[in-house]
Amino acid sequence: MAKTPENGIDENASADAPEKRLNFIEQIIEDDNRTGKFENRVHTRFPPEPNGYLHIGHAKSICLNSGIAKNYRGTFNLRFDDTNPTKEETEYVESIIEDVEWLTGMKQDRIFFASDYFGQFYDDAVDLIKKGKAYVCDLTGEQIRETRGTPTVPGTESPYRDRSVEENLDLFARMKAGEFPDGSKTLRAKIDMASPNFNMRDPVMYRIVHAEHHRTGDAWCLYPMYDWAHGLEDSIERITHSICTLEFEHHRPLYDWFLDQLGVYHPQQIEFARLGLNYTVMSKRKLLQLVKENYVGGWDDPRMPTICGLRRRGYTPESIREFCRRIGVAKFNSTIDVVQLENALRDELNKTAQRRMAVIRPLKVVVTNYPEGQTEMLDAVNNPENEADGTRQVPFSKVIYIERDDFFEEAPKKYFRLAPGKEVRLRYAYYVTCTDFVKDAAGDVVEVHCTYDPATRGGSSPDGRKVQGTIHWVSAEHALDAEVRLYDRLFTKENPDDPSDPVDFKTYLNPDSLEIVTGCKLEPSLRGATTGDRYQFERIGYFCVDSRDSSPDRPVFNRAVSLRDSWAKQAGK
RNA sequence: UGGGGAAUUGUGUAAAGGUAGCACGAAUGGCUCUGAACCAUUUAGUUGGGGUUCGAAUCCCUGUUCCCCAGCCA
């Protein structure tokens, strides 16, 4: 069915879209364009610190910023905010570039580094010192904390606050030259120790850190703080709208103060609510813990909310972008249901993924009246949602596998699948009727006997009789053996992150978040499937080839997401 | 208890003084060679209390609740 303009996935503001609803940031941009505030330019940026892997929360910011730039024919920068050498690594820079390029579907040709501006930052700091707006402070970290005051008590001024410009200039130069040890001195902005906003109580602009920086090496032992660096980075890059998350709201006065004191180009900082997703954790610290303590297989474990995890899980960049479009942007701290993410993937893959038959938990079925040794090829539709995908041929023979769940010794009410005496359709093949079954010593059904109706070849009956159920199958002698990994949510609790819960978040890890099933039977056309291929295993879900562990002779498939299952839902009630 | 933000059906998100809409979920029915998809219908909301107004989610007053801030992290 054709998509209407308003629910299509095209995120461009197209001329014939009836009423494109703007989020509050787009409204600000349109206002600015109306008044000519930024000469009608739109220039955004995504400024991660390269100290970890990107996750779905970052995806919201990336989609927002790159999406805005795209829609307004503006520019988007990927900028590394690498101002803290002790936490950052090249490995993270590389993974972030890979993830951003994958997510946006675009080669990033505008990649910048805060560390490239260190010289400029330094010169600007000298400028501020000359204006009497910054001073070198000898207080220790502890002393700074003690003199900062409390929410109700103003801070006290540093005894070094009124050093002369000359002395400050001299000291600052010597800090840069490496004359002082770590932590012995800082450069502070001279603002207002009585401000109700802590960020304005003479914030530290520079600290001394004798550490190797992943890009500048040992060229510097003086590193700028976030507040000092960030506005300058934005200003240097001529960013128009500096979009960040809510917790930076009270940094905005300082962002503005620095740029105003310097009298330089001044972007507009705008804050939005970061993404909250249930049944997972998003904090870098917790994610790191899951990796380090081997609760998951790594940053790209398909259960992780990281971009690389989602990618390995089978998510497409389009589905993540669509998810971000659907959840919107606002200033309210909301928690989005993961189902929303899953549905974005289902909706896309339903339209694009080719169908295949695969049996996860095989149960042997012998078609007793089918000729021994015979094989016939049957036509199967590749994707009913896309006729252009055509058909393929699937081999059928006397012994096949069906899903264990598709046979019941005693069928419950409203059960449409195979059961003694019942007739079902083997998809694209024949109607079969269960005549008998065999149990092992433990009482488990190990083999089912059926007879088929040769007149129903292809799956429809000339006499027009209906069957209630259609089940999938794989010919035993033609089956491709595979390992399948079934993923479920990582946590059993909606909000494992809940700060008011004293129990450790790992307590809520879902013991069934990964089920590895071996000996799965796939239809032979799946042979040769490679990384990046995504299929719908009919009646089960969407699967992809695992990028890490799969090989041609030992295929491994990941379940990205199951199909909706109203039968299971009803049965669960 | 200082300051800064926020609150609209179950979950998100629109409505800029004039019909509270959309998406997802849920429910019901239809269709079906996937118990999927698809189609149709339904469900359910303005944080409390005052006020202004012909008319308030929107403006005013006053409560409540939630989030953020005292790193030489970002």
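Every chain is numbered from 1, with letters handed out A, B, ... down the list of sequences. Scope of the values below: all heavy atoms of this structure, side chains included, with no hydrogens, waters or symmetry mates.
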Query - Rounded C1' spacing from B/rG29 to B/rU43 in Å - result: 15 Å
Query - Syn or anti conformation of B/rG48, syn meaning chi within 90° of 0 - result: anti
Requested in this report: May I ask you to say what A/Pro224 touches in the nucleic acid, namely base, sugar-phosphate or nothing, with a heavy-atom cut-off under 4.0 Å?
Outcome: sugar-phosphate
Report task. Assign A/Leu563 to base, sugar-phosphate, or nothing according to its heavy-atom contacts below 4.0 angstrom with the strands shown. Result -> base
Report task. Under 4.0 Å between any heavy atoms, over every strand shown, what does A/Leu139 touch: base, sugar-phosphate, or nothing? Just pick one. Result -> base
Requested in this report: Would you tell me if any nitrogen or oxygen in the side chain of A/Arg539 comes within less than 4.0 Å of OP1 or OP2 on B/rU32?
Outcome: no
Query - Whichever of A/Asn343 and A/Gly141 has its nearest RNA chain B nucleotide further upstream toward 5' - result: A/Asn343
**Report entry** With A/Asn51, the side-chain hydrogen bond (donor to acceptor under 3.5 Å, both in side chains) member among A/Lys284, A/Glu88, A/Lys87
**Finding:** A/Lys284
Query - side-chain N/O A/Arg148 vs B/rG71 OP1/OP2, d < 4.0 Å - result: yes
Query raised in the report: Reckon A/Lys414 touches a base, only the sugar-phosphate, or nothing at all at heavy-atom distances under 4.0 Å?
Result: base
Report task. Using a 4.0 Å heavy-atom cut-off across all strands, classify A/Glu49 as base, sugar-phosphate, or nothing. Result -> sugar-phosphate
**Report entry** Paired nucleotide for B/rG35 [Watson-Crick or G-U wobble; both distances under 3.5 Å]
**Finding:** none
Report task. With heavy atoms under 4.0 Å as the rule, sort A/Ser566 into base, sugar-phosphate or nothing. Result -> sugar-phosphate
Report task. Select base, sugar-phosphate, or nothing to describe what A/Gln468 touches, counting heavy atoms under 4.0 Å on all strands. Result -> nothing
Query raised in the report: Does atom CZ of A/Arg163 have more than 12 heavy-atom neighbours, drawn from other residues, nucleotides or ligands, at distances under 6.0 Å?
Result: yes
Query raised in the report: Is A/Trp567 stacked on the base of B/rG35, meaning ring centres closer than 5.5 Å and planes within 30 degrees of each other?
Result: yes
Query raised in the report: Tell me, do A/Ile144 and A/Thr186 make a side-chain contact under 4.5 Å, heavy atoms counted?
Result: yes
Report summary line: Partner of A/Ser319 under side chain to side chain contact (heavy atoms under 4.5 Å, CB included), picked from A/Leu345, A/Thr352, A/Leu341, is A/Leu345
Query raised in the report: Mind checking who B/rU53 pairs with, Watson-Crick or G-U wobble, both distances under 3.5 Å?
Result: none
Query raised in the report: According to the Watson-Crick and G-U wobble definitions, with both distances under 3.5 Å, which nucleotide is paired to B/rA74?
Result: none
**Report entry** Pair assignment for B/rU65, Watson-Crick or G-U wobble, requiring both distances under 3.5 Å
**Finding:** B/rA6
Report task. Can you tell me, in whole Å, how much space there is between the C1' of B/rU1 and that of B/rG71? Result -> 25 Å
Requested in this report: For B/rA74, take OP1 and OP2 only and decide whether either is under 4.0 Å from a side-chain N or O of A/Arg285.
Outcome: no
**Report entry** Any A/Met205 side-chain heavy atom under 4.5 Å of A/Met225 side chain
**Finding:** no
Query raised in the report: Within the structure shown, what part of the strands sits under 4.0 Å from A/Arg417 by heavy-atom distance: base, sugar-phosphate, or nothing?
Result: base
**Report entry** Length of the CG-C1' vector between A/Asn383 and B/rA37, whole Å
**Finding:** 10 Å
Report task. Could you check A/Arg346 against A/Arg564 for side chain to side chain contact (heavy atoms under 4.5 Å, CB included), going step by step and ending with a plain yes or no? Result -> CA-CA 9 Å; A/Arg346 287 185 178 112; A/Arg564 290 190 187 89; 4.1 Å; yes
Report task. Can you tell me, in whole Å, how much space there is between the C1' of B/rU9 and that of B/rG25? Result -> 11 Å
Report summary line: Picking from B/rA14, B/rG2, B/rA23, the nucleotide nearest the side-chain atoms of A/Asn23 would be B/rA14
Report task. Using atom CG of A/Asp192 as one end and atom P of B/rC69 as the other, report the distance to the nearest whole Å. Result -> 21 Å
Query raised in the report: Is any side-chain nitrogen or oxygen of A/Arg564 closer than 4.0 Å to OP1 or OP2 of B/rG25?
Result: yes
Query raised in the report: When you check the phosphate oxygens OP1 and OP2 of B/rA74, does a side-chain N or O of A/Thr83 lie under 4.0 Å from one of them?
Result: yes
Requested in this report: Between B/rC73, B/rG35, B/rA70, spot the one nearest the side chain of A/Met225, thanks.
Outcome: B/rC73
Query raised in the report: NA contact type, A/Val209, heavy-atom cut-off 4.0 Å: base, sugar-phosphate, or nothing?
Result: nothing
**Report entry** Distance test, side-chain N/O of A/Lys569 to OP1/OP2 of B/rA26, below 4.0 Å
**Finding:** yes
Query raised in the report: How is A/His230 classified with respect to the nucleic acid when contacts are heavy atoms under 4.0 Å: base, sugar-phosphate, or nothing?
Result: nothing
Query raised in the report: For A/Arg392 and A/Glu523, what are the C-alpha separation, side-chain angles and deciding distance, and is it a salt bridge (Lys or Arg N to Asp or Glu O under 4.0 Å)?
Result: CA-CA 11 Å; A/Arg392 67 185 183 284; A/Glu523 68 166 78; 2.7 Å; yes
Query raised in the report: When we call it a touch if two heavy atoms are under 4.0 Å apart, what does A/Arg427 touch: a base, just sugar-phosphate, or nothing?
Result: base
Query raised in the report: With no angle test and no hydrogens, is the base of B/rA74 tied to the side chain of A/His251 by a donor-acceptor pair under 3.5 Å?
Result: yes
Report task. Rounded to whole angstrom, note down the P distance from B/rG48 over to B/rU8. Result -> 11 Å
Requested in this report: Would you mind reporting whether A/Phe172 and A/Leu222 have side-chain heavy atoms less than 4.5 Å apart?
Outcome: yes
Report task. State whether the distance check finds a donor on one side and an acceptor on the other, under 3.5 Å, for side chain A/Arg326 versus base B/rU13. Result -> no
Requested in this report: Take A/Val204 and A/Thr152, find for each the nucleotide of RNA chain B with the closest heavy atom, and name the residue whose nucleotide sits nearer the 5' end.
Outcome: A/Thr152
Requested in this report: Just call it for A/Gln27: base, sugar-phosphate, or nothing, with non-hydrogen atoms closer than 4.0 Å on any strand.
Outcome: base
Requested in this report: Using a cut-off of strictly less than 4.0 Å, decide whether A/Ser334 has a side-chain nitrogen or oxygen near OP1 or OP2 of B/rU13.
Outcome: yes
Query raised in the report: How would you label the contact of A/Thr186 with the nucleic acid (heavy atoms, under 4.0 Å): base, sugar-phosphate, or nothing?
Result: base
**Report entry** Under 4.0 angstrom between A/Arg355 side-chain N/O and B/rA36 OP1 or OP2
**Finding:** no
Query raised in the report: Quick one: does A/Glu538 reach the base of B/rA36 with a side-chain donor-acceptor pair under 3.5 Å?
Result: no
Requested in this report: Can you tell me, in whole Å, how much space there is between the P of B/rU47 and that of B/rA15?
Outcome: 15 Å
Query raised in the report: Is the aromatic ring centre of A/Phe416 closer than 5.5 Å to the centre of the six-membered base ring of B/rG35, with the two planes inclined by less than 30°?
Result: yes
Report task. Rounded to whole angstrom, note down the P distance from B/rA57 over to B/rA16. Result -> 13 Å
Query raised in the report: Does A/Arg145 put a side-chain nitrogen or oxygen below 4.0 Å from OP1 or OP2 of B/rG71?
Result: yes
**Report entry** Criterion salt bridge (charged side-chain N to carboxylate O under 4.0 Å, His left out) against A/Asp406, the qualifying member of A/Arg425, A/Arg417, A/Arg427
**Finding:** A/Arg417
Report summary line: The single option from A/Gln269, A/Arg79, A/Gln268 that satisfies side-chain hydrogen bond (donor to acceptor under 3.5 Å, both in side chains) with A/Asp234 is A/Arg79
Query raised in the report: Contact class for A/Ile144 vs. all strands (heavy atom < 4.0 Å): base, sugar-phosphate, or nothing?
Result: base
Query - Pairing partner of B/rU41 (Watson-Crick or G-U wobble, both distances under 3.5 Å) - result: B/rA27
Requested in this report: Take atom C1' in B/rC66 and the same atom in B/rU28, then report the distance between them in whole Å.
Outcome: 37 Å
Report summary line: If pairing means Watson-Crick or G-U wobble with both distances under 3.5 Å, then the partner of B/rC22 is B/rG12
Requested in this report: Using the P atoms only, state how far B/rU58 lies from B/rA20, rounded to an integer number of Å.
Outcome: 14 Å
